[in-house]
Visitor: 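Got a structure here, written out as structure tokens. Questions coming.
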Amino acid sequence: QAEVEETLKRIQTHKGVIGTIVVNAEGIPIRTTLDNSTTVQYAGLLHQLTMKARSTVRDIDPQNDLTFLRIRSKKHEIMVAPDKEYMLIVIQNPSE
Amino acid sequence: MLTDPQDHLAHQFPLEGELRPTFSGLSDFLHRVEDMIVKELAKNAKSHAFDGFDVNWEDQNETVSCKHRLQHLVAQEKGLHVTSISWSCTGSVIACAFGRVDDGDWSAEKSCVCTWNLDRRGLNPKRPNTVIDVARPVMSLSFHPTSPSLIAGGLYSGEVVVWDTNRTQDPVLAQTGMSTDAHREPVYQVAWVPGQRRGEMLVLSAGSGGRVLLWTVDGGSLVLSAGYALVRQQVPHNSSLSKGRGSSNVGVTSLALSPWDSDTFLVGSEGGLVLKCSFSAQELAAAPPDGESVALRAPAQFSFSPRGGPVHSLHYSPFHRNLFVSVGTDGLARLHSLLQPDPLLSLRVSDSYLFGVRWSPTRPLVFAAATGQGLVQIFDLGRKSLRPAATMDQLTSGQPAYCMEFNPCQTDLLAVGNADGSVNIWHLSTELTEQGHRETAQLEQLANEVAE
């Protein structure tokens, strides 16, 4: 358990990181450094988007699969590392 | 100030402490992705790949232009001024109140409230969609925050009225009448505030008699629910002000409700005072009872440094809970922090009086000020120069611009009400409405500066 917390802490303290969320396969957040309402919003929306991104990649080429998703917006960048059971979401303000 | 529980960082969701469930495979998963994520985070922090890269999702609007010039000829012929404007909650309808702002006894002057629906086809700027005749000049106006047909108004006589524009016969839904509870002097500000029960909205009215009153709509009447009286002796830190002769009432010329804290409000007075007040204040007002049905309380808790003349307009920043701006007859726009009496910044806007000030609803560093010369000056605090970012001439041949409101839905529209009886609807440029890269951070920096 301590390992989990340490890893998340390492990611969270990286330059410009605004928030770190871990989501399970159902899209439910299980770890977060943000407040509840923001976490629930990010988790729900990004879970849906990641599933859509994955099906897009596999529809184009069934032998391919999604490895990483990045969304660049005016204010920051959202990074999603997907996996079978979990998903890691990191929100970074790159210019800080 | 108490910290907002929402700001609590590093909240472990959903359980805290030792009862956290173990998720099998979580440690392995993080182990797998950590290196990749950290590598990308590091690359991103150093990357210049997106420098200066902008995407145009919306049509870029290069210029500031006047979209409509609304006039009600009958009111203009009588020489009435636009004293107050309000947008409906849907952003489609603009209402304006006619009255007089200059000196003189206008108590017998008939006036009206007009509305135009800007989204309706066949809009005629010279013909309002609705004209409500009112027996006395209307000094303040406010649309209900959720019911698009209800408008509250404060009159020169001290009466407060709620009109329902859906009614064809008699638009008056409720009024205070001339009861003992009512104001005796012009009501310069009306607003809707949430009541105790869910969905209930009360009408707040404030006027030059020094009273701030809360009314509930009950049948055809507005019934006094709570009241506050501002009395000079009860103004905090008042030692610097002379205890002059005349009424001890502090006449209210402007009022601002906080979007951050429903208990706090700001009051600007005829004498130049700017006061932070609380709805939950318990101390009774030292005003002699005048037959009111409710005990009036003294709401003032903090005095900001006073100005050299009436404070015509106050506005809380929609982007920072501690910032507000105030304007008055001294021609200055003062940026204040709620935490200290002296202003953070004093901007010379005009040599003439300033009648209105409004923060931009989309750009944290931008605000607009309406001048007595008929200009609206827009300032961008992010710029190095303190000269206005834009000047909008209301084309009133030098007559004052009295009031301004941003459209709550189409936030690039700004309505301005003028002394010549016209209401101009301006379409602001993208530069003035699109939030810049680090604006909220810059505003935060400004708020944390201590005044010299």
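Naming convention: chains lettered A, B, ... in sequence-line order (proteins, then strands); numbering from 1 in each chain. No experiment lies behind these values; they were computed from the predicted model shown.
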Visitor: Between B:A441 and chain A, which part of the residue has a heavy atom less than 4.5 Å away: side chain, backbone, both or neither?
Guide: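 Contact with chain A: none, neither part.
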Visitor: Which of the residues A:K84, A:K75, A:R10, A:E85 is involved in the greatest number of heavy-atom pairs with chain B at under 4.5 angstrom?
Guide: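 Counting heavy-atom pairs under 4.5 Å, the top option is A:R10.
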Visitor: Heavy-atom cut-off 4.5 Å, strictly under: side chain, backbone, both or neither for A:T67 against chain B?
Guide: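 Backbone only.
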Visitor: Go through the atoms of B:V38 and report whether side chain, backbone, both or neither lie under 4.5 Å from a heavy atom of chain A.
Guide: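 Both parts, heavy atoms under 4.5 Å.
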Visitor: Check the orientation of B:F324 and B:H336. Use parallel for under 30°, tilted for 30 to 60°, and perpendicular for over 60°.
Guide: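 Rings of B:F324 and B:H336: parallel, as their planes differ by under 30°.
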Visitor: Counting only heavy atoms closer than 4.5 Å, note whether B:E439 contacts chain A via side chain, backbone, both or neither.
Guide: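 Looking at B:E439, nothing touches chain A.
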Visitor: A:Q12, A:R72, A:K9: which one forms the most heavy-atom pairs within less than 4.5 Å of chain B?
Guide: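 Max contact count across the listed options: A:R72.
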Visitor: Looking at A:V17 and A:T20, what are the two nearest heavy atoms and their distance?
Guide: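 Result for this residue pair: CG1-OG1, 3.8 Å.
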Visitor: So do B:F302 and B:L338 actually touch side chain to side chain, heavy atoms under 4.5 Å?
Guide: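 Counting from C-beta outward, B:L338 and B:F302 never come under 4.5 Å.
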Visitor: Is the closest side-chain heavy-atom distance between B:L118 and B:N407 below 4.5 Å?
Guide: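 Contact flag for B:L118/B:N407 side chains = no.
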Visitor: Considering only heavy atoms and a distance below 4.5 Å, find which of A:Q92, A:M79, A:E3 pairs most often with chain B.
Guide: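 Winner by heavy-atom pair count: A:Q92.
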Visitor: Apply salt bridge (charged side-chain N to carboxylate O under 4.0 Å, His left out) to residues B:R383 and B:E431 and explain how you reach the verdict.
Guide: CA-CA 12 Å; B:R383 291 196 179 185; B:E431 192 203 340; 2.7 Å; yes
Visitor: May I ask you to decide whether B:K43 forms a salt bridge with B:E40, counting only side-chain N to carboxylate O separations under 4.0 Å?
Guide: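 Looking at B:K43 and B:E40, the cut-off is met.
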Visitor: Quick one: what part of A:V90 sits under 4.5 Å from any heavy atom of chain B, side chain, backbone, both or neither?
Guide: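 It is the side chain, since no backbone atom gets that close.
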